[in-house]
A.B. asks: 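First, the structure itself, so that you have it in front of you.
Letters go in sequence order (proteins before strands), and every chain restarts at 1. Side-chain atoms are counted along with the backbone in the values below, which use heavy atoms only and exclude waters and symmetry mates.
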Amino acid sequence: MAKSTAGSGPASGAASGASSRAASGAALRRTARATGCALLAGTLAAACGSGSGSSGSGTADSLAIGLIAEPASLDFTTTDGAAVPQATLGSIYEGLVRVDQQGKIQPLLAERYERSDDGRTYTFHLRKGVKFTSGAEFTADDAVFSIERVKKDWKLKTARQMDVVAKAEKTGDHTVKVTLNHASNGWLYAMTTRIGAMFSRTGVADLASHPVGTGPFKLAERRRGDRIVLDRNGSYWGSKPELGKVTLKYFKDAGAMNNALLTKGIDVVGTVQAPESLSRFSDRNRFRTIEGSSTGEVVLSMNNSREPFKDKRVRQAVRHAIDHKALVETSRAGHGKLIGTMATPTDPWYEDLTGSYPYDPGKAKQLLKDAGAEGRTVKFRVPNMPYAMSAAQVVKSQLDQVGLKAEIEPLEFPARWLSEVYNKADYDLSVIAHTEPRDLWTFADPGYYFRYGNPAYAKLLKDADSGRPEDEAARYREAARLLSDDAAADWLYLMPNLMVADKDVTGLPVNQVGEGLDLANVRWAKKK
Amino acid sequence: MRVYLRKAASLLVSAVIASFVVFAFLSVLPGDPAEVVLGTNAGEAELAALRHDFGTDRPLVVQYADWAQGLLHGDFGTSYISHDAVGPRIADRFGVTCWLALGGMLVAVLFALPAGVLAAAWHRRPAGALLSALSQAGIAVPAFLAGILLVYVFAVRAGALPAGGYTPLAEDPAAWARQLVLPCLSLGLVQGAVLTRYVRSAVLTVLHQDFLRTARAKGRRRRAALWRHGLPNAAVPVLTVLGLQLSTVLVGAVVVERVFVIPGLGDLLLQSVADRDLLVVQGVVIVLVVAVLVVNVVTDLLYHLLDPRLRSR
């Protein structure tokens, strides 16, 4: 954070005025009193000085971004949650491959890679001259170490995506051969996420507070409960980032974050929590709003293993009963794209399925009647987060209209929701945003809290994963359609990637595609 | 001397009971730290392994004994979530909250002493009634609401002060002072309103005491009599209230820290409860309990020092 120059200016000015009066030979007591007054005036001036003194960045190459969820630890190998990779992936850590704004896989630390015809072997040719921030060179040994480490040391279930790897071996100082147990397109994609992050063999001792990566930024400061400061990595192999310093400032309260932008405490609101507050930033001469796609599907989950949602007709009734457009209008001030299945516009297989279950309360009533579920009461257990609670209210009233009584029970998030809904699946209905990219697989696991166990669906996913890459999209598309037809859940809307920034900030990522916050092209259009 | 010993002993007993109560309450709090850490990445095997690492799979009695034993050695344990020592983290945050509480108390006293004395002195005039009414209104305003209003007026509209944030004193004293003004005001004004009523009633009581009449009879002017004899006597009950208020301010800071994005103890407490980082929660609550106990004991002792009638008992 910038020092408060505006505040200290008047103070020193007044004090020097007092001392010159002392030099003119006034009585000692008078000088003392004058100095006292000057000091008091200075303090007041400092306290009430112009707001610009507390600006989020102050200089031309630094920027402060406001975010909500603070990572409790910087080590995503032991702690779950989206906040850790958001702060570190792509900025501090890099993978062999990355995903671009269009959702395509591109080389990153690997200059290029080859896939064998049977899809079981990948050969990565690593960039030369890449250095970790510790000074160590990035070599094939590090890549092998990083891949093996996921299988060995990671405590999280995401690590199982690496189970398909039979072995990773060094075939040259800068070539790595990875052999899979069976062909997998999903594995290469997973390598763009946190599990593909490249670590230094000598830099994993204290990942929670001293991350060592190859990225364009390095960790400069971390003040718990407050901020993470990233500095430009001077020895970065690629084109240097425009910004010398990025401050990720964490707020517990959306209102406080908005105020910080209004008072120049920060330069960007990284995730708008309450879209109805956007009107506060309507001044085009000061602010710019960015609205793009994200990977956060807001899912109305139905427990497929319990009555009444065991019956497909009841699930279909729910999908017909909800006026999604009105829901987004009411609960999100119109910000949110309708999707209709577990896919997002940045997925290569995305297609708009919102038409398959149009709003039709009459049909919903009929379906409920056919299933004998009219007038039933269901347990609607909702995490106590604003977006989920407001969506739940609308869902409840719309279900009421077709004769399904949903009793809302707010559950504290994360602790209680995880324990009751996610781990025990003790619920009928719930609402939550699934933010992981390409998370269709969650419906393929019958143990997942949706309790959706359609073997045909699981098989489609398996085929999409192990087939030829050219067929991948078509198979996933088929799977997404099946999921929608089955009414395995209802997809309320896709969370927008909604940001508000000072109008002079450019290069912010429009779409949130991967797990990291992409800072590489962010800069100030005008020097401040 | 015996008074001091007795106070120290009662403080110790209260702290021990508090530690027990805190632990018991938290152990029935639904939610599991291992589930929070693993989030949507939890599998049964992973959960069991992590619970074992944390030691939360042991019997509660063993967990309590372990924790209490650590406390005796000044060891607050290690955070489940961030893997660092809880003690230093609490100490760090406690400092921030102390500044906030002290600033709040300062505002309260600076506001309440003149307002209370004037309200009492003018109690038959309209100005006195107005002061009373204002303080009554002030009591009704919660600190967080005062905070939101102050931010809107001074930060967002006028742009005169930052809307929140905290810079350590050592790093930049000017920024530190600027950032503390609004939170201290929002904590202090509400407490000041409460305090005003106590000051007013204490001064009113004193105004009707015999010794004040005696002073007037001996020829002192009303104002002089009030200054010389009245206010020192009124100070005793006010001091007690001040002690009690310091405790409420410490606890009230929890909410104000959220509004003003100040990384203090309250912020740490709320975050740790959400994360089920139980050792941190236990540590923060124990520190708050002990702080409140100490404040109360010190207030008691001061009371004894100031009022000779209590000392003889």
A.B. asks: If we define contacts as heavy-atom pairs under 4.5 Å, which of A:Ala159, A:Ser73, A:Gly225 has the most with chain B?
C.D. replies: A:Gly225

A.B. asks: Just how far is it from atom CG of B:Asp267 to atom CZ of A:Arg224, taken to the nearest 0.5 Å?
C.D. replies: 12.0 Å

A.B. asks: Apply the test side chain to side chain contact (heavy atoms under 4.5 Å, CB included) to residues A:Met257 and B:Val261: give CA-CA distance (whole Å), side-chain angles for both, the deciding distance (0.1 Å), then the verdict.
C.D. replies: CA-CA 9 Å; A:Met257 179 156 73; B:Val261 205; over 6 Å; no

A.B. asks: Return yes when atom CZ of B:Arg157 has more than 12 non-hydrogen atoms of other residues, nucleotides or ligands closer than 6.0 Å, and no otherwise.
C.D. replies: no

A.B. asks: Under 4.5 Å from any heavy atom of chain B, what part of A:Leu418 do you find: side chain, backbone, both or neither?
C.D. replies: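 For A:Leu418, backbone and side chain are both near chain B.
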
A.B. asks: Taking the side chain as every heavy atom from C-beta outward, state whether B:Leu38 and A:Leu156 have any pair of such atoms under 4.5 Å apart.
C.D. replies: yes

A.B. asks: Applying salt bridge (Lys or Arg N to Asp or Glu O under 4.0 Å) to A:Glu412 and B:Arg276, what does each step give before you reach the verdict?
C.D. replies: CA-CA 11 Å; A:Glu412 185 203 357; B:Arg276 294 297 186 270; 2.5 Å; yes

A.B. asks: Taking side chain as everything from C-beta outward and backbone as N, CA, C, O, which of these in B:Val259 sits under 4.5 Å from a heavy atom of chain A? Side chain, backbone, both or neither.
C.D. replies: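 The answer is the backbone of B:Val259.
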
A.B. asks: Quick check: are there more than 12 heavy atoms from other residues, nucleotides or ligands sitting under 6.0 Å from NE2 of A:His434?
C.D. replies: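 Yes, the 6.0 Å shell around NE2 holds more than 12 heavy atoms from other groups.
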
A.B. asks: What do you reckon, is NZ of A:Lys252 surrounded by more than 12 foreign heavy atoms closer than 6.0 Å?
C.D. replies: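 Enclosed: over 12 neighbouring heavy atoms sit under 6.0 Å from NZ of A:Lys252.
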
A.B. asks: Taking side chain as everything from C-beta outward and backbone as N, CA, C, O, which of these in B:Asp92 sits under 4.5 Å from a heavy atom of chain A? Side chain, backbone, both or neither.
C.D. replies: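 B:Asp92 has no heavy atom closer than 4.5 Å to chain A.
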
A.B. asks: Give, as side chain, backbone, both or neither, the part of A:Tyr250 having an atom under 4.5 angstrom from any heavy atom of chain B.
C.D. replies: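 For A:Tyr250, backbone heavy atoms alone lie under 4.5 Å from chain B.
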
A.B. asks: Quick check for you: to the nearest 0.5 Å, what is the distance between B:His83 atom NE2 and A:Asp75 atom CG?
C.D. replies: 6.5 Å

A.B. asks: Apply the test salt bridge (Lys or Arg N to Asp or Glu O under 4.0 Å) to residues A:Lys157 and B:Glu44: give CA-CA distance (whole Å), side-chain angles for both, the deciding distance (0.1 Å), then the verdict.
C.D. replies: CA-CA 10 Å; A:Lys157 214 162 68 176; B:Glu44 269 316 310; over 6 Å; no

A.B. asks: Identify which of B:Ile148, B:Asp84, B:Leu180 forms the greatest number of heavy-atom pairs closer than 4.5 Å to chain A.
C.D. replies: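 With the most close heavy-atom pairs to chain A, the winner is B:Asp84.
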
A.B. asks: Side chain from CB out, backbone as N, CA, C, O: work out which of these in A:Ser209 comes under 4.5 Å of a heavy atom of chain B, or both, or neither.
C.D. replies: neither

A.B. asks: Please evaluate residues A:Lys424 and B:Glu35 with respect to the criterion salt bridge (Lys or Arg N to Asp or Glu O under 4.0 Å), reporting the C-alpha separation (whole Å), side-chain torsions for both, the decisive distance (0.1 Å), and the verdict.
C.D. replies: CA-CA 11 Å; A:Lys424 289 190 206 129; B:Glu35 284 181 344; over 6 Å; no

A.B. asks: Would you mind telling me which of B:Ala45, B:Ala158, B:Ser82 has the largest number of heavy-atom pairs within less than 4.5 Å of chain A?
C.D. replies: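 When all of B:Ala45, B:Ala158, B:Ser82 are compared, B:Ser82 has the most.
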
A.B. asks: Near B:Trp99 CH2, under 6.0 Å, is it more than 12 heavy atoms from other residues, nucleotides or ligands?
C.D. replies: no

A.B. asks: Side chain, backbone, both or neither: which part of A:Asn259 has an atom under 4.5 Å from a heavy atom of chain B?
C.D. replies: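 A:Asn259 touches chain B through backbone and side-chain heavy atoms alike.
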
A.B. asks: Determine the option with the most heavy-atom pairs under 4.5 angstrom with chain A, choosing from B:Leu270, B:Ile81, B:Val37, B:Asp275.
C.D. replies: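 The answer is B:Val37.
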
A.B. asks: Side chains of A:Thr263 and B:Val156: closer than 4.5 Å at any heavy-atom pair?
C.D. replies: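 Yes, side chains in contact.
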
A.B. asks: Quick check for you: to the nearest 0.5 Å, what is the distance between A:Thr79 atom OG1 and B:Tyr80 atom OH?
C.D. replies: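 Spacing of OG1 (A:Thr79) from OH (B:Tyr80) equals 14.5 Å.
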
A.B. asks: Does some side-chain heavy atom of A:Pro414 sit less than 4.5 Å from a side-chain heavy atom of B:Val36?
C.D. replies: yes

A.B. asks: So, for B:Pro168 and A:Arg223, which heavy atoms are closest and what is the spacing to 0.1 Å?
C.D. replies: CD-NH1, 3.6 Å

A.B. asks: About how many Å separate CG of A:Asn423 and CG of B:Leu47, when rounded to the nearest 0.5 Å?
C.D. replies: 6.0 Å

A.B. asks: Looking at every non-hydrogen atom in both residues, tell me the closest pair between A:Asp226 and B:Pro263 and how far apart they are.
C.D. replies: CB-CG, 4.2 Å

A.B. asks: Step through the shown structure and confirm whether more than 12 heavy atoms of other residues, nucleotides or ligands are within 6.0 Å of OH on A:Tyr427.
C.D. replies: yes

A.B. asks: Within the side chain of A:Tyr422, is there an N or O that forms a donor-acceptor pair under 3.5 Å with the backbone of B:Thr40?
C.D. replies: yes

A.B. asks: Answer with side chain, backbone, both or neither: which region of B:Tyr166 has an atom nearer than 4.5 Å to a non-hydrogen atom of chain A?
C.D. replies: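 B:Tyr166 touches chain A through backbone heavy atoms alone.
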
